[in-house]
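This report concerns only the one structure given below.
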4 protein chains.
Amino acid sequence: MILLDYKDRRPIYEQIVEKLKDLMICGVLEQDSQLPSVRSLATDLSINPNTIQRAYMELERRGFIYSVKGRGSFVADTTSILALKTSELKNKLGDWVEEAKRAGIKEDKAHSWLVEEWINEGTRSGGGVRE
Amino acid sequence: MILLDYKDRRPIYEQIVEKLKDLMICGVLEQDSQLPSVRSLATDLSINPNTIQRAYMELERRGFIYSVKGRGSFVADTTSILALKTSELKNKLGDWVEEAKRAGIKEDKAHSWLVEEWINEGTRSGGGVRE
Amino acid sequence: MILLDYKDRRPIYEQIVEKLKDLMICGVLEQDSQLPSVRSLATDLSINPNTIQRAYMELERRGFIYSVKGRGSFVADTTSILALKTSELKNKLGDWVEEAKRAGIKEDKAHSWLVEEWINEGTRSGGGVRE
Amino acid sequence: MILLDYKDRRPIYEQIVEKLKDLMICGVLEQDSQLPSVRSLATDLSINPNTIQRAYMELERRGFIYSVKGRGSFVADTTSILALKTSELKNKLGDWVEEAKRAGIKEDKAHSWLVEEWINEGTRSGGGVRE
DNA sequence: GTGGTCTAGACCACG
DNA sequence: GTGGTCTAGACCACC
C-alpha cells in the first residue's frame, strides 16, 4: 500500500505521513477505520517501528488520525481531513503565484499552463521535481 | 542586497541561491556582469565563505552563472536563465496539479483559486507554507 | 448511561471513573444503591471486564464506592463524595492560579475570565484542551 | 536551570517543554537568544539527547522556538509566546468552569475560591495535584 | 496484543 | 560544532 523512496531527500516518516494523508483523502482509508499497527507496518516496510511511531504522531498532531493506547490508531473525521487538505493546497497555490509573479509570469500564461498541466495524465515521474 | 532569514528552515546557501536567481531574472544582475567575490559577500552577510562557495557552486551547476578561475563569477546568458526559471515554475505547477487531482479538486475550482490568489498582493508572509 | 470516547486520550477506565463520579455527585446514583455488575457493564459498553474492574477498584480506593464480596459494589456516603469532589476542584483551581501567576496574569483579569467562561454554556467541545 | 521529576507521571520531554516555556514567558530566556544545544542539555540533565531533541521539536511545533540546522535553537518572538500561553490558560479555566458547573458549584463560590487561592503564595507542593 | 516513552549509538546535512 | 533522522532494543501503560 505504501512505497518508500530512499532516493527522496525527504525523511522516511514524512513520506509515510504524506502517503497516508493521500489514502485518507482518496477514501481508501475510511473514517474510524483502524490503521495498521505501528509494529506491523514497520515490519511490512522493513523499517524501525520508531519511524512509524513518529509518522503517526505527526498525523495525530495535524488532526488526521487519533490514537488510543492499547487499541490502535484510527482515521479521524474525513470531512475535516478534506477541509485541512484543501486549505493546504490553496496555500501552496498562493506560494506558487507569488513566485510566478516575481518571475514576471502573466496571469493568462498561468491559466494556460494550468489547462495544459491538467490534461497531462500521470506524465510526470511522480513525487515532485528535484530541480 | 540579500537578506538572510535564520528562522527559515531552508539552509542558508539555498536562500542565497534563490535570491541571486531572482535578482538575475528581475534584471538587477545583468548578463556577464560580475557577482561579488565569495569572500566579500561572506563578510557582507557575516557568514562562512564556505556557504557562499556552495551557493555559487550550485548556481553554476544549474547553469545560472559561470566561473572563471582567478577572475570571478559572472551572470550567464539571461535568456536561458529565464527559460530555466520558466520551466521550473511550470514543473512546480504540474506537481501541484497532480496533488490537487489526487485530492479531488476540479479544474474550474483550480482556476478560480488562481484568479483569487493572483489578486492577493503580498498578503502572505513569505517563504513557504507551514502546513 | 455511559458514553465512551475512544478519541479521548485518557484511558477508558479513567473515563468510566470520572463518569460514575459525576453520576454520583449529580444524584443520579443514590447513596447505597447498587452499581451495575462488572460483567454486565462490560458487555453493555462492549469492553473488557478487566477495564471495569480497574475503574471500580479506583473508585473504591478514592472512597466513592464500597464493595461487598459476593454481593456487588455500592455508592458510598454521597455527602462525603461531594466533599471529595469539591476539594478536588479547589485543588485544580489552585494549580491553575499558580500557573497563571507564573505567566504574569493579574487577579482581576482572572476574575473577568471566570465571569466570561461562566456565561459560555456548553460552547466548548468537551474533554480537555488540545493545546 | 531545569529540574526533572522522575516521580512525575508525565514524560520527561514534556516536563522539559513546560519548564522551558515558563522560562521564556518569565523572560529569563530572551527573544532570539540561543538555547543550550541538544547535546549539552542532555549531558547536563544526564538524559539521552533524543529526549531533548523531542522536547525542542515540540517547542518548535508550537511556535515557541525556532531551530536552525548547524547553528542551534533560538527563542521565538516573545510577544506571540505570551499570547499563546494566555490563550492556553483561558482554555484551561474554561475546562475547569465546565467541570465545576457539572458538580453544582455556584459562580460566587468559584470567585471566592479564586480570591482565596490567589493569596496562597507557594503553599502547594509544586507541579500539580495527582488526585 | 496495542501505542508511548526512553536509551544508546550511528550517520547525515549544515556552517 | 549544530540540529535532524534512523536503527535497535528496552520498558511501561492499557486493553
Side-chain angles (χ1 to χ4, degrees), chain A residues 4 6 8-16 34-42 45-60 65-74, chain B residues 4 6 8-16 42 45-55, chain C residues 4 6 8-16 42 45-55 58, chain D residues 4 6 8-16 34-43 45-60 65-74:
Chain A
L4 296 179
Y6 289 103
D8 197 327
R9 290 176 56 135
R10 292 177 309 171
I12 305 285
Y13 82 91
E14 205 176 309
Q15 291 184 44
I16 296 169
Q34 188 164 1
L35 293 163
S37 83
V38 171
R39 284 173 185 76
S40 70
L41 188 52
L45 302 177
S46 4
I47 60 174
N48 191 290
N50 280 335
T51 307
I52 306 290
Q53 171 64 24
R54 188 163 176 182
Y56 279 19
M57 204 178 65
E58 185 68 11
L59 282 166
E60 186 171 16
I65 69 172
Y66 61 92
S67 299
V68 187
K69 226 189 286 194
R71 284 185 35 108
S73 298
F74 304 85
Chain B
L4 297 178
Y6 288 107
D8 196 326
R9 293 178 67 106
R10 290 177 310 171
I12 302 290
Y13 82 90
E14 205 176 310
Q15 289 185 46
I16 295 169
L45 302 177
S46 28
I47 59 174
N48 195 309
N50 286 334
T51 307
I52 306 290
Q53 180 59 35
R54 187 160 180 183
Chain C
L4 297 178
Y6 288 107
D8 195 327
R9 293 178 67 104
R10 290 177 310 172
I12 302 290
Y13 81 89
E14 204 176 310
Q15 288 185 47
I16 296 169
L45 302 177
S46 29
I47 59 173
N48 194 306
N50 285 335
T51 308
I52 306 291
Q53 180 59 37
R54 187 161 178 180
E58 186 67 12
Chain D
L4 297 178
Y6 290 101
D8 197 326
R9 291 176 56 133
R10 291 177 311 170
I12 305 284
Y13 82 91
E14 206 175 309
Q15 291 183 45
I16 295 169
Q34 188 165 0
L35 292 163
S37 83
V38 171
R39 284 173 185 75
S40 71
L41 188 52
T43 53
L45 303 178
S46 8
I47 61 175
N48 191 292
N50 279 336
T51 307
I52 305 289
Q53 171 64 24
R54 186 162 179 184
Y56 279 19
M57 205 179 64
E58 184 69 11
L59 283 166
E60 187 171 16
I65 69 172
Y66 61 92
S67 297
V68 186
K69 226 190 285 195
R71 284 185 35 108
S73 300
F74 305 86

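Throughout, protein chains are lettered first and strands after them, A, B, ... in sequence-line order, and every chain is numbered starting at 1.
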Spacing between A:Ile12 atom CD1 and F:dG4 atom P, to the nearest angstrom: 18 Å
From CD of C:Gln15 over to C1' of F:dC15, roughly how many Å is that when rounded to an integer? 13 Å
Could you check how far NZ of D:Lys69 sits from C1' of F:dG3, rounded to whole Å? 7 Å
For D:Ser40, side chain to side chain donor-acceptor pair (under 3.5 Å) partners two or more places apart: D:Ser37
Just how far, in rounded Å, is P of E:dC6 from CG of D:Leu45? 12 Å
Examine distances only and state if a side-chain atom of B:Gln15 and a backbone atom of B:Tyr6 form a donor-acceptor pair shorter than 3.5 Å. no
Would you tell me if any nitrogen or oxygen in the side chain of A:Thr51 comes within less than 4.0 Å of OP1 or OP2 on F:dT5? no
Kindly compute the distance separating OH (A:Tyr13) from CG (A:Leu59), expressed to the nearest 0.5 Å. 11.0 Å
Expected list for residues 52-60 of chain D near DNA chain F, using heavy atoms below 4.0 Å, is D:Gln53, D:Glu60
Please pick, from E:dT7, E:dG15, F:dA13, the nucleotide with the shortest atom-to-atom distance to any side-chain atom of B:Pro11. E:dG15
Result for 5'-nearest mapping on DNA chain F, choosing between A:Pro49 and A:Arg71, is A:Pro49
Are the side chains of B:Ile12 and B:Leu45 in touch, meaning some heavy atoms are under 4.5 Å apart? no
Pull out every protein N or O sitting under 3.5 Å from an N or O of nucleotides 9-12 of chain F, one pair per line with the distance.
| residue | atom | partner | partner atom | Å |
| --- | --- | --- | --- | --- |
| F:dG9 | O6 | A:Asn50 | ND2 | 3.1 |

Does F:dC6 have OP1 or OP2 sitting under 4.0 Å from an N or O in the side chain of A:Tyr13? no
Applying a 3.5 angstrom cut-off to the pairing atoms, does DNA chain F sit in any stems of at least three consecutive Watson-Crick or G-U pairs? List them by first number. E:1-14 with F:1-14
Please set out all donor-acceptor pairs under 3.5 angstrom arising from side-chain atoms of residues 47-58 of chain A, sequence neighbours excluded.
| residue | atom | partner | partner atom | Å |
| --- | --- | --- | --- | --- |
| A:Asn48 | OD1 | A:Asn50 | N | 2.7 |
| A:Tyr56 | OH | A:Pro36 | O | 2.7 |
| A:Glu58 | OE1 | A:Arg61 | NE | 3.4 |
| A:Glu58 | OE2 | A:Arg61 | NE | 3.4 |
| A:Glu58 | OE2 | A:Arg61 | NH2 | 2.7 |
| A:Glu58 | OE2 | A:Arg62 | NE | 3.3 |
| A:Glu58 | OE2 | A:Arg62 | NH2 | 3.4 |

List in chain and number order the residues that pass ring-ring contact (aromatic ring centres under 6.0 Å, His included) with D:Phe74, two or more places apart in sequence or in another chain; answer none if no residue qualifies. D:Tyr66
Please report the distance, rounded to the nearest Å, between CG in A:Leu4 and C1' in F:dC6. 13 Å
In whole Å, what is the span from the CD1 atom of D:Ile65 to the P atom of F:dT2? 15 Å
Once you round it to whole Å, what is the distance between C1' of F:dT2 and CZ of B:Arg9? 14 Å
Could you give the CG-to-P distance, from A:Leu35 to E:dT2, as a whole number of Å? 13 Å
Within less than 4.0 Å of OP1 or OP2 of F:dG3, is there a side-chain N or O belonging to D:Ser67? no
